[in-house]
Amino acid sequence: MFKEYLQTLQDQHLLRRLRTIASATGPTVTLDNHTVILLSSNNYLGLAAHPAVVEAAVAATRQYGAGSGASRLVCGSLTPHEALETALAQFKGTEAVLTFAAGYLANISVIPALIGKDGLILADRLCHASLIDGCRLSGATFRVYRHRDMNHLEQLLSRRPSTKPTLIVTDGIFSMDGDIAPMRDIALLAERYGAAVYVDDAHGTGILGKTGRGTLEHCEVESHVPYHMGTLSKALGSAGGYLAGSATFIAYLVNTCRAFTYTTAPPPASAAAATAALGVIRREPERRAQLWQNRERLAQGLSRLGFHLAPSESPILPIIVGDPDRAMNLAHTLLTLGVYAPAIRPPTVPPATSRIRLSITADHTSAHIDQALAALAQAGRELDMI
Ligand SMILES: Cc1ncc(COP(=O)(O)O)c(C=O)c1O
């Protein structure tokens, strides 16, 4: 049965395989004994291997050990966890923060803590899978609105019984498309119709907004959205998820979220690494500036080449290819030319929108970007895509 299932996936060009990177993640990595330019990581600010971040992880491991030993609520809540939550709340400008072992765990446990069977969830069609899973687990009635379509969202809001508890769910930056949710409009609609908003700012955290606080800062709606979710696993170069909000909200989550209660606390190293990353973000704003400069160089180069691009506004720059086998061919050709950017296929993205999801970081040099563009030009021509 396993074999047949895998064969069916193979026949549809949808089989997935692990590839092992034999180096730290960075602008270049070692893959199959070759150095290749990496254009698909979420390590946007290059902090995963930043010396201050690595050093903090090593120091925390020496002092607090490799594992936390228990869940946070039993005896696994260590000084590095508390220090991270304090630093993150300060960065976010909220009263409190609660961290989770993964962004995925935050989404699948916080959404069911916010709404139940009697409620209604209205989610953007392109929400991340972890949000969808959280919505399903909540047991609430679940409807999707067309991607970033505020008329559709308003239609759904206006048609529901006004007393029905309602949660609007969206990504801040959409993970596979790179565009940004219209948070101002969403917040206004939520206020008008008495709905709550749950935004997942996994990809906006650290890179969007004047100080890097994320999508809500970028859209100037922080005071209108009382809580939000994000991750430590992307621009912060570590691992974990978080919820930022009022002290009461956070205390409520501590007492309701099953994926907080029933899992071992994250390793001290990852908490300390994320705290150190927040320090780097504060001390080195030039990293964010460099990221956006690099993003412009890559985006302009891609438009010049004539690829079919998604309408991105972020360092995520997807080339939409369509069929999964064509996306795989493009990824394979790019790899032979020294660029690693795997194909993203259904069910991660909707049918017929298989793509190469390029993502750029602050640590890429102009030479890396130009070399990648030359590879993309050659691969695109060889495969009749441009
Ligand atoms: C939008 C979004 N939310 C949540 C997650 C899950 O976060 P984590 O990788 O920390 O589990 C991801 C990525 O993996 C994501 O892209």
Side-chain angles (χ1 to χ4, degrees), residues 16 18 25 40-45 47-48 53 81 84-85 88 97-112 114 121 123-137 144 147-148 167-181 183 186 197-208 214-216 218 227-244 257-260 263-267 269-271 273-274 277-278 310 312-318 342 344-345 347-350 355 357-361:
R16 299 167 185 223
L18 292 169
T25 192
S40 54
S41 135
N42 303 315
N43 178 29
Y44 301 118
L45 295 173
L47 299 186
V53 175
H81 301 122
L84 169 60
E85 287 166 350
L88 201 47
V97 157
L98 186 67
T99 54
F100 292 74
Y104 183 88
L105 293 175
N107 282 340
I108 64 162
S109 61
V110 176
I111 295 174
L114 298 179
I121 292 176
D124 189 289
R125 192 173 82 89
L126 296 188
C127 272
H128 189 260
S130 57
L131 291 170
I132 309 277
D133 291 354
C135 294
R136 288 191 180 135
L137 275 173
V144 293
H147 181 49
R148 298 174 80 242
L167 186 66
I168 302 170
V169 175
T170 183
D171 287 24
I173 292 179
F174 287 89
S175 59
M176 292 300 138
D177 291 69
D179 48 357
I180 299 175
M183 285 314 306
I186 290 174
V197 176
Y198 185 91
V199 55
D200 172 339
D201 208 17
H203 294 272
T205 300
I207 70 161
L208 271 187
T215 304
L216 297 177
H218 172 77
Y227 54 80
H228 69 275
M229 176 272 176
T231 64
L232 313 167
S233 50
K234 298 175 170 50
L236 269 60
S238 178
Y242 69 84
L243 264 291
C257 288
R258 293 170 65 81
F260 176 78
T263 192
T264 298
S270 62
L278 289 171
S312 159
E313 304 162 80
S314 73
I316 301 165
L317 292 161
I344 308 287
R345 296 163 289 162
T348 306
V349 293
R355 65 197 66 190
R357 174 194 180 275
L358 299 177
S359 56
I360 192 75
T361 73

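Indexing begins at 1, ligand by ligand and atom by atom, following the structure's order. Starting from 1, each residue takes its place in the sequence as its number.
Residue, atom and distance of the protein heavy atom nearest to atom 16 (O) of ligand 1 are H203 NE2, 2.6 Å. Protein heavy atom nearest atom 8 (P) of ligand 1, with residue, atom name and distance: G103 N, 3.4 Å. What sits closest to atom 5 (C) of ligand 1 on the protein, heavy atoms only, is H128 CE1, 3.5 Å. Protein heavy atom in closest approach to atom 9 (O) of ligand 1: K234 NZ, 3.5 Å. Considering only non-hydrogen protein atoms, atom 3 (N) of ligand 1 sits nearest to D200 OD2, 2.5 Å.
Between the side chain of D133 and the main chain of I108, no donor-acceptor pair closer than 3.5 Å is present. No donor-acceptor pair closer than 3.5 Å links the side chain of S359 to the backbone N or O of P315. At distances below 3.5 Å, at least one donor-acceptor pair connects side-chain atoms of S314 with backbone N or O atoms of G178.
In summary, of the residues considered (R148, R355, R357), a side-chain hydrogen bond (donor to acceptor under 3.5 Å, both in side chains) with D177 occurs for R355 alone. Residue T170 forms a side-chain contact (heavy atoms from CB on, under 4.5 Å) with just one option from D201, T215, V199, and that option is V199. With respect to I173, the side-chain contact (heavy atoms from CB on, under 4.5 Å) criterion is satisfied by exactly one of D179, I207, D200: I207.
Residue-to-ligand polar distances keep T231 apart from ligand 1: every N/O pair is separated by 3.5 Å or more. Between Y104 and ligand 1, an N or O atom pair is found at a separation short of 3.5 Å.
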Does T361 form a side-chain hydrogen bond (donor to acceptor under 3.5 Å, both in side chains) with N43? I'd like the steps, not just the answer. CA-CA 7 Å; T361 73; N43 178 29; over 6 Å; no
If you apply the rule side-chain hydrogen bond (donor to acceptor under 3.5 Å, both in side chains), what do you find for T205 with Y242, and how did you get there? CA-CA 11 Å; T205 300; Y242 69 84; 2.8 Å; yes
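Heavy-atom contacts of S130 reach the following atoms of ligand 1: 3 (N), 4 (C) (cutoff under 4.0 Å). Close approach of ligand 1 to S233 (heavy-atom distance below 4.0 Å) involves ligand atoms 8 (P), 9 (O), 10 (O). Every atom of ligand 1 with a heavy atom of D171 under 4.0 Å away is listed here by number and element: 1 (C). Near A202, meaning under 4.0 Å from any of its heavy atoms, are these atoms of ligand 1: 1 (C), 2 (C), 3 (N), 15 (C).
Smallest separation of non-hydrogen atoms from P266 and H81: O-NE2, 2.7 Å.
Under a 4.0 angstrom heavy-atom cut-off, G241 registers as lying outside contact with ligand 1. Ligand 1 has G240 within reach: a non-hydrogen atom of the residue lies less than 4.0 Å from it.
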